[in-house]
Structure formats: structure tokens, C-alpha cells
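For reference, the structure discussed in these notes is given below.
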There are 2 protein chains.
Amino acid sequence: MSVKGLTKEKIITQAIEIIENTGQSAVSLHELARTLGVKTPSLYNHIKNTKELQYEIFKCAIDKFVINQRKATEGKTKDEAVQAFAEAYHAFATQNKGLYRLIMSIPSEQDEMAKEMAIPLLHTVVEILSDYGLTEESIAHWQRVFRAILHGFISEEDLGYFYYYKYIDLAKSRQIAVKCFLDGLHAEIGE
Amino acid sequence: MSVKGLTKEKIITQAIEIIENTGQSAVSLHELARTLGVKTPSLYNHIKNTKELQYEIFKCAIDKFVINQRKATEGKTKDEAVQAFAEAYHAFATQNKGLYRLIMSIPSEQDEMAKEMAIPLLHTVVEILSDYGLTEESIAHWQRVFRAILHGFISEEDLGYFYYYKYIDLAKSRQIAVKCFLDGLHAEIGE
DNA sequence: TTGACAAACTAACACTATTAGTTTTATACT
DNA sequence: AGTATAAAACTAATAGTGTTAGTTTGTCAA
């Protein structure tokens, strides 16, 4: 009966689709198997366990994210690039909620594997900061500041912690944050 | 045999202790019951479900957090208060990892209840920004920026995303971020 | 045609939370 | 003191996770 021809790729693709649709950072193997027309344990013929599946999806998510960011900033430099990066970052996180959540839930301090995989993401930030002629150390610091702002915003927004003043424009808050960051950066390089 | 005398308070206290010890944002009812010397279903005589338990712990966590922040900033104003707030925030998050994670995982956009409970936390930030004589709208924006930075830092750090340049001092990155924020704030009020 | 391997399956286990129904224990009243 | 009642413990069971072992099925190559 097996017209199935299940593969690792099909599983990953399906998992990503479900994650995208639900906005959750994970799928249950049951749901995954069900939508693939197969019984749950059959998945184990193609994947080792949920951890491995997570890794695979994580890899795809990082890829998508990196592509998204590069596309948004290509041809741009300095402030223009930073601004475009910030906007694209927010757009990705809100339009790919499940994948973004996955990216921001997987790695943990002990997981060297995941940290390795996340490096390209980090590079996208470092790259656009390279235009400013900062020292290696300064780049390290400001890259952290930038990413903290970007993720902090998404995260707080997502958690509903920006709800209280909800009639106050969120996009403007983000712009203020990015401007604040750029001003700080300009001050660092002595404008 | 019941020398137990289990109460809701004891359950919550125990749950918090486990959360503090493990650094996880949740406890299983099994583990909770085990350490209380009772069978799992017995917990249901005192709590409705895990959701309710989460709420209760959440409430305590917010309380602890708010107390921590007030203590750190009392008697201080403006930049001094902001700086102390930032330091205390980071200290709380790293020393109470489980509780901080809980605070930053519970509320979701749809959960009005949780958002209500989190308001005191928000107030601590708004209060220290009130010293600057900003408009209501500016406070709303800058409070968001500040919290995004603070949480963004903790979160990225916790996820291991600040690992790449790990030989570069994290505390200094945080100081740069806070200074960046303060400079932005000063620019806003025309210094 | 048959032998081998991949990929599906069934059955089972361990771990979650949760509910129903039962027994125990302590308290409160006659 | 003896008994009724209610609170709080229990046991047993269910449904949902992930996972493993062992079995069947189907395909492809010798």
C-alpha cells in the first residue's frame, strides 16, 4: 500500500509548514505524522528524534532568516543598511512567527551545535556594522546592543508587554529605538 | 496517616523553590507532589490546574521582581536610577533564572489576566522615567526602548547568542547599551 | 524467484496533565 | 463520647506527549 515514499525532506517541509501556520515553535509528532498520512513511529525511520528534527528546522529557519536580511540590506551601507535590517528583522519575526520563535528558543548555553548553526545569523549583523570602521571589540559590543534591541522589541511585543500603552504607535517606538542606536553608534565613531 | 496538611501556599512555595533550583520556568506536578510527600492528584484538591498554579507563581515572581527593582532605585533619580535599575534587572534575571523565564514566558497577547498582573512591573520602569519630565507619549516610547534593551540582553545572553565574541566583556556591552539609551533620552529632552 | 533491505506497521512503555470515584482523617455537633 | 460531615488524601483510569522493539510489507537486485 505504501505509495508513501516518506523522506526526511518531506517531514521537515511539512513540519515547517505546520509551524508557519500555527505560529507555534514546535509540532507534535502525532500531528506531523497525521498530516503526512502515516503513523507516528514511522517518522523514526527518517529522523532520530525530535531534537534532530528541531535542528533541521532550525537550520532552515536560520537560512530563511539570513536570506531575508541579506536581501533587505544588499546595496545599502551604514545607517541605511541598519535601518533596512531592523525593518526586515521585524517583518520576518512577525510574518514567520513560528520560525522566529524556534530560532529564539532552541539554542541554550550548553548546546554548541545550535550555536554553530546560528553563526550566519550573527554574521549578517556584524557585516552591516563593518561599514563604520569600528574596532573588532566595538563591533562585538554594538552588534550585541543592536540585536538586544531588535529581539527585545519582538519579544516584549509578542509577550504582550507593550500592551499597556497600546494606543501609542509601536512602529514609532521601534524607530526611536533604531535612531537611539544609530546616534550611539555615531557618537562612538566620533561622527 | 495524613500528617500532610497541604495548602495552596505550600504548593506554591515548593513550586517556586524547585523553579529557583532548576532554573526551569516550570515544574511537573509529579515532581512537585513527590517533593511534597503526596500523590500527584492530591494537588488538585488545592489548585484548579497547572494554568492556575502558573498564575500564582507568576504573581509571586512579579512581586519579587518589583520589590527587587524598587529597592535598587529608591532614593535615586534620573540617570542614577536608570543605571541602578538596569543593573538590578540583570542581577534578578541571572540570579532568579527560573522566575525570570516564567515572567517572560507566561503572558501572551490574548491573556488579559496575565497582562493585568504584569502591570506593576511596567510601572517600575515608567516611574523612573517620570523624573525626566517627558510627555506621556515619550514615556511610553522610551519605556519600551528601555525594556527591549534590558530583556533583549538577558534573552540573547541566555540563549547563547552572545557566545560568538565571548572573550569580549558582556558587562561592558550592557553598560554601552544603557549609556546609549541614556544619551538618546537626553537628546529627547534637549539635554 | 528469491533474498535482502528499507520503510511502513502494531504494540508497548514512560512520562506528562487531568478526572472520577473512594477512603481516610479531622472537626464539629449532639 | 459517638457520630455526621466535609476536607483532603488516596487509587484507578484516560488522553496526550515521545520513543523503542519487534513484525510485516513492499521493492529492487542477484
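Just so it is clear: chains get the letters A, B, ... in the order the sequence lines come, proteins before strands, and each one is counted from 1. Just so it is clear, the values below take in all heavy atoms, side chains as well, and ignore hydrogens, waters and symmetry mates.
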Task: Nucleotide nearest B:His30 when distance is taken to its side chain, options D:dA9, D:dG18, C:dT16 - done: C:dT16
Open item on the list: Nearest 0.5 Å, please: how far is CZ in B:Arg70 from CZ in B:Phe85?
Closed with: 9.5 Å
TODO: Would you kindly give the CG-to-P distance between A:Leu29 and C:dC15, to the nearest whole Å?
DONE: 18 Å
Open item on the list: Under 3.5 Å, is there a donor on one side chain and an acceptor on the other for B:Asp111 and A:Tyr163?
Closed with: no
Open item on the list: In whole Å, I'd like the distance from the NZ atom of A:Lys10 to the C1' atom of C:dA7.
Closed with: 12 Å
Task: Shortest side-chain distance from B:Tyr44, nucleotide among C:dA8, C:dT18, D:dT19 - done: C:dT18
Open item on the list: Can you tell me which nucleotide in D:dT17, D:dA8, C:dA8 comes closest to the side chain of B:His46?
Closed with: D:dA8
Task: Interatomic distance where CG belongs to A:Asn45 and C1' belongs to C:dC5 [whole Å] - done: 12 Å
Task: Any A:Ser42 side-chain nitrogen or oxygen under 4.0 Å from OP1 or OP2 of C:dC9 - done: yes
Task: Upstream residue (5' side of DNA chain D) when B:Thr40 and A:Thr50 are each assigned their closest nucleotide - done: B:Thr40
Open item on the list: Using whole Å, what does the distance between atom C1' of nucleotide D:dT20 and atom NZ of A:Lys39 come to?
Closed with: 18 Å
Task: Length of the CD1-P vector between B:Ile47 and D:dA9, whole Å - done: 12 Å
Task: Exercise: identify the closest heavy-atom pair between A:Ile12 and A:Glu56 - done: CD1-CB, 3.5 Å
Open item on the list: Just by distance, no angles: are the side chains of A:Tyr100 and A:His151 close enough, under 3.5 Å, to form a donor-acceptor pair?
Closed with: yes
- [ ] To the nearest Å, give me how far apart NZ (A:Lys8) and P (C:dA6) are.
- [x] 15 Å
Task: Separation of atom CG in B:Leu36 from atom C1' in D:dA9, rounded to whole Å - done: 13 Å
Open item on the list: Looking only at the side chain of A:Asn49 (C-beta and beyond, no hydrogens), which of the listed nucleotides C:dA8, D:dT19, D:dT17 gets closest?
Closed with: D:dT19
- [ ] Give the rounded distance in Å between these two atoms: CG of A:Leu32 and C1' of D:dT19.
- [x] 15 Å
Open item on the list: Both conditions, 6.0 Å and 45 degrees, for the charged tip of A:Lys51 above the ring of A:Tyr55: are they met here?
Closed with: yes
